[in-house]
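Let me begin by presenting the structure, written as structure tokens, before commenting on it.
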Amino acid sequence: MKLTAAAFLALCAPSFVFALVQNDWEFKTAPSDGMNDITFSFNIANATHQSGFYFAQQFNFKNVSEVGYTGLQPRQTRTEPASFTQPSLRFKTAPRVLIATATMGRIAARAHTYNLVVENTNGTIWRGSLVDTVTGNSTVVGEWTLPVGAGKIVNGQFGFVEYYPWNRKGSHPCDSLPWTEAIFYDPTSKTSGTSGGVITSVYETGNCIGKTALNKTKIPGGYDLKVGFHV
């Protein structure tokens with residue numbers, strides 16, 4: 001079996017996903033007009049080797065209704081033992097949808113922590129990148145242009161752990177949720193006047209509140225999250 005980790009960056013309408021666990025994040029101080037960049041970091045070294053989970057953080061821009069999100073999605077195939085990451089970008093704004101995909105080389109060690117960086121490059125043009133914190137390798141996931149009048153990144157949003165096979169089912173037994181683990185690190189930004197990025201809370205949501213076996217452990221710089229059962 002091979003585990004692939006897909007790194008996604010997307011902008012979509014609010015309430016697009018059905019999360020099991022959410023986490024609120026914010027910066028203690030940030031410019032009133034927003035931030036020029038933000039970085040969300042994840043480690044999925046201990047994530048279960050199967051498809052289905054999505055670990056992500058959301059963000060939004062001033063004067064833009066769509067909500068962006070970026071994260072890592074473990075994937076499983078039946079060929080080749082190596083792991084790699086295939087980043088993609090989806091930006092949706094009426095009346096058109098722009099989809100771009102970029103492929104990077106194989107990841108030698110799935111244990112690495114990855115930074116997902118969203119940054120302004122010029123005016124209303126933004127870029128999403130995936131950075132391996134061990135090797136320093138950076139891959140552009142995609143670039144997009146926001147509408148005229150769009151502002152910078154707003155301080156504060158939430159992230160989530162999603163088990164997307166359940167999105168297609170009307171009902172499901174909560175104790176059938178597979179076990180997995182991921183580390184969500186506090187957000188960071190290089191924008192002047194921004195400091196104190198922190199995940200302020202972690203909590204269950206959706207139809208299985210109190211039934212996901214959530215184990216949340218505060219660690220230096222973030223949270224180690226475990227959910228599910230060894231089924």
Side-chain angles (χ1 to χ4, degrees), residues 3 5-10 15-30 35 37-60 67-75 85 107 109-118 128 130-134 153-164 166 174 177-190 194-230:
L3 179 75
F8 289 91
L9 176 66
S15 303
F16 181 78
V17 298
F18 300 90
L20 299 164
V21 177
Q22 290 185 185
N23 69 267
D24 296 329
W25 65 261
E26 67 179 19
F27 290 87
K28 293 181 179 179
T29 60
M35 297 172 286
D37 70 284
I38 194 166
T39 296
F40 299 110
S41 303
F42 301 86
N43 186 294
I44 58 170
N46 296 329
T48 302
H49 287 223
Q50 70 178 70
S51 302
F53 282 99
Y54 186 20
F55 312 108
Q57 294 281 20
Q58 294 191 162
F59 58 93
N60 59 287
V67 176
Y69 60 87
T70 184
L72 295 177
Q73 197 175 73
R75 288 186 172 179
T85 295
I107 295 174
R110 191 165 60 97
H112 294 184
T113 294
Y114 292 90
N115 291 341
L116 288 155
V117 182
V118 178
L130 176 76
V131 181
D132 184 325
T133 64
V134 176
I153 297 171
V154 176
N155 179 18
Q157 250 289 350
F158 66 86
F160 56 86
V161 177
E162 175 194 16
Y163 186 59
Y164 53 83
W166 282 1
C174 298
L177 178 68
W179 183 92
T180 197
E181 178 181 3
I183 296 176
F184 283 56
Y185 289 100
D186 295 330
T188 61
S189 176
K190 297 179 180 178
T194 304
S195 64
V198 65
I199 293 175
T200 58
S201 60
V202 177
Y203 49 94
E204 290 173 302
T205 187
N207 297 326
C208 287
I209 294 175
K211 301 177 181 179
T212 67
L214 171 63
N215 184 336
K216 54 183 180 181
T217 303
K218 185 72 176 73
I219 62 173
Y223 273 90
D224 186 339
L225 304 181
K226 302 181 182 72
V227 294
F229 306 87
H230 292 280

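Quick caveat, the model's predicted, so the values are computed rather than measured. Every heavy atom of this structure was used, including side-chain atoms; hydrogens, water molecules and symmetry mates were not.
Remark: the backbone N or O of V117 is not paired with any side-chain donor or acceptor of N115 at under 3.5 angstrom. Under a 3.5 Å cut-off, the side chain of E204 and the backbone N or O of T212 do form a donor-acceptor pair. Side-chain atoms of Y114 never come within 3.5 Å of backbone atoms of V131 as a donor-acceptor pair (strictly under, hydrogens ignored). Although no hydrogens or angles enter the test, the distance criterion places a donor-acceptor pair under 3.5 Å between the side chain of N155 and the main chain of F27. Formation of a donor-acceptor pair under 3.5 Å by the T113 side chain with backbone atoms of N43 is not found in this model. Put simply, the side chain of W25 gets close to the backbone of Q58: a donor and an acceptor are under 3.5 Å apart.
Nearest heavy-atom pair across A213 and G228 is CB-O, 3.6 Å. The two atoms that bring Y185 and Q57 nearest to each other are O-NE2, 4.5 Å, heavy atoms only. Closest approach of A182 to I44, counting heavy atoms only: CB-CG2, 4.0 Å.
Ring pair F53/F55 is parallel by interplanar angle, where below 30° counts as parallel and above 60° as perpendicular.
In this structure, L116 and L130 have side chains that are in contact, with non-hydrogen atoms separated by less than 4.5 Å. Looking at L20 and W166, their side chains come closer than 4.5 Å, going by heavy atoms from C-beta outward. Here the side chains of P187 and F59 are not in contact, with every heavy-atom distance at 4.5 Å or above.
For E26, there are no side-chain hydrogen bond (donor to acceptor under 3.5 Å, both in side chains) partners two or more places apart in sequence or in a different chain. Take E181 and apply the salt bridge (charged side-chain N to carboxylate O under 4.0 Å, His left out) test, not counting sequence neighbours, and it matches K226.
A distance of 12.0 Å separates OG1 of T205 from CG of N23, quoted to the nearest 0.5 Å. Atom CD1 of I38 and atom OG of S189 lie 6.5 Å apart (nearest 0.5 Å). Taken from CG in L214 to SG in C208, the straight-line distance is 12.0 Å, to the nearest 0.5 Å. For the atom pair N207 CG and C174 SG, the distance stands at 7.5 Å (nearest 0.5 Å).
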Tell me, with the steps shown, if V21 and Y223 meet side chain to side chain contact (heavy atoms under 4.5 Å, CB included). CA-CA 12 Å; V21 177; Y223 273 90; over 6 Å; no
As a quick check of understanding, evaluate side chain to side chain contact (heavy atoms under 4.5 Å, CB included) for Y164 and S51, giving each step before the final call. CA-CA 9 Å; Y164 53 83; S51 302; 3.9 Å; yes
Side chain to side chain contact (heavy atoms under 4.5 Å, CB included) between I153 and D37, intermediate numbers included: CA-CA 7 Å; I153 297 171; D37 70 284; 5.6 Å; no
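Each of Y163, F42, F160 was compared with Y54 under the ring pair (Phe, Tyr, Trp, His ring centres under 6.0 Å) criterion, and only F160 meets it.
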Listed pairs under 3.5 Å, donor-acceptor, residues 195-202 side chains, sequence neighbours left out:
| residue | atom | partner | partner atom | Å |
| --- | --- | --- | --- | --- |
| S195 | OG | T29 | OG1 | 2.6 |
| T200 | OG1 | D24 | O | 3.3 |
| S201 | OG | D24 | OD2 | 2.9 |

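When ring centroids are compared, F184 and F40 stay outside the 6.0 Å threshold.
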